[in-house]
Amino acid sequence: MNVKRNVLLNPGPATTTDTVKAAQLVPDICPREREFGDLMRTFGNDLLRVVHADSAEWTTVLFCGSGTIAMDACVSSLVPADGKLLIINNGAYSVRAAEMARAYGVPHIDLTFPVDGLPDLAVIEDTLKEHPEITAVYTTHQETGTGILNPVREIGALAHAHGAVCIADTISTFAMIPIDAAEMNIDVCMSSAQKGIQGMTGLSFVLARKAVLDAAAHYPVRSYYTNLVMQYEGFEKTGEMRFTPPVQTVYAAKRALAEYFAEGETKKWARHTRVIDAIHEGLSALGLEEAIPREIQSGLVVAVRYPDDPHFDFTHVHDYCYARGFTIYPGKMQTTRTFRLCALGAIDASDIGAFFRVFEEALKV
Ligand SMILES: *Cc1c(COP(=O)(O)O)cnc(C)c1O
């Protein structure tokens, strides 16, 4: 296949392999065919293996949409009328979850912390103690805007100690950072095909304990299109997605997941680590500063402070790199001027070496 290869250093969609791109070229098929339903069922079960979840107790619910649709499904569907959602908010993606809770009138507490640090577990514990009506705790594994990795295991343990379920937005860590859902005290997690599995955009998934979905069958339906239980029950009854699935994207995702298992959890994480190490090295060689201390970084995203140079122009640097096949991405921190470099996708350390040669030129011209 002769498609130009771009190195995407943005936080998804990620660089894909040619074989994943090619997997979209399939004979036309009506997604109502049993063959396609079987493909989606197998794909959903295989996704459970990524987080080592037992398919007897867990299920995957697929949605046609970007990653935000999975967040929407969880926030709108998993809180009973007399319960409350505790949102651990230390970044732009948790802000989005809180906006959803407001939009849907979901009873919730928006527990905010500074965006450049970890949430305070003692404050979370106190909040759970003070509010026995909390039935679910929502946290973002990696706040992709800053690259901070949140302590999901500890947050999940606190949730469980207070009788609440733990919902984790693992959209930007799934199939990259090794995750064992049960060991990390996660009851519901999610991702999207264009991130860790290195597929195409348009397919997202919620992985949940069946017991959580069974309980949610009695919760208010606040959204028709994105209700998690209706989507789950619809598929269980008919073997079809409730509404038209992104057919070609599903074929690409299936191929991408096969490549994930062929590479292997440990080797893939080692590759992402090589990439981020090369990014750290390149940045320090140029004297550029990172906005977040290394100890709390995910190892997948680096927020870089703008250089201390009055002539620095992000758009110019971006355009110079983009024209040469490298995409860098603006930051998402309101108080600090940053851009981001990410280690997602089918790339390796050699791509980062090539990137920094171009980036260094871009800073000079
Ligand atoms: C990418 C991402 C999402 C979803 O974003 P979309 O643009 O809707 O795909 C949600 N949460 C996190 C943490 C993400 O990184």
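We number each residue from 1, following the sequence as shown. These numbers come from a predicted model, not from an experiment. When a ligand or atom number is given, it counts from 1 through the structure's own listing order.
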Under the 6.0 Å and 45° cation-pi test, does Arg242 pair with Phe235?
no
Does the separation of the ring centres of Phe326 and Phe359 fall below 6.0 angstrom?
no
Given a heavy-atom cut-off of 4.0 Å, could you list the residues near ligand 1 in chain and number order?
Ser66, Gly67, Thr68, Met71, Tyr93, Arg96, Thr140, Gln142, Thr144, Asp169, Ile171, Ser172, Gln194, Lys195
Lys237 charged N/C atom sitting above Tyr232 aromatic ring, 6.0 Å / 45°
no
Does OH belonging to Tyr329 count more than 12 external heavy atoms closer than 6.0 Å?
no
Taking the ring centre of each residue, are Phe36 and Tyr251 less than 6.0 Å apart?
yes
Holding to side chain to side chain contact (heavy atoms under 4.5 Å, CB included), I want the full list of residues that pass it with Glu154, two or more places apart in sequence or in another chain.
Leu121, Pro151
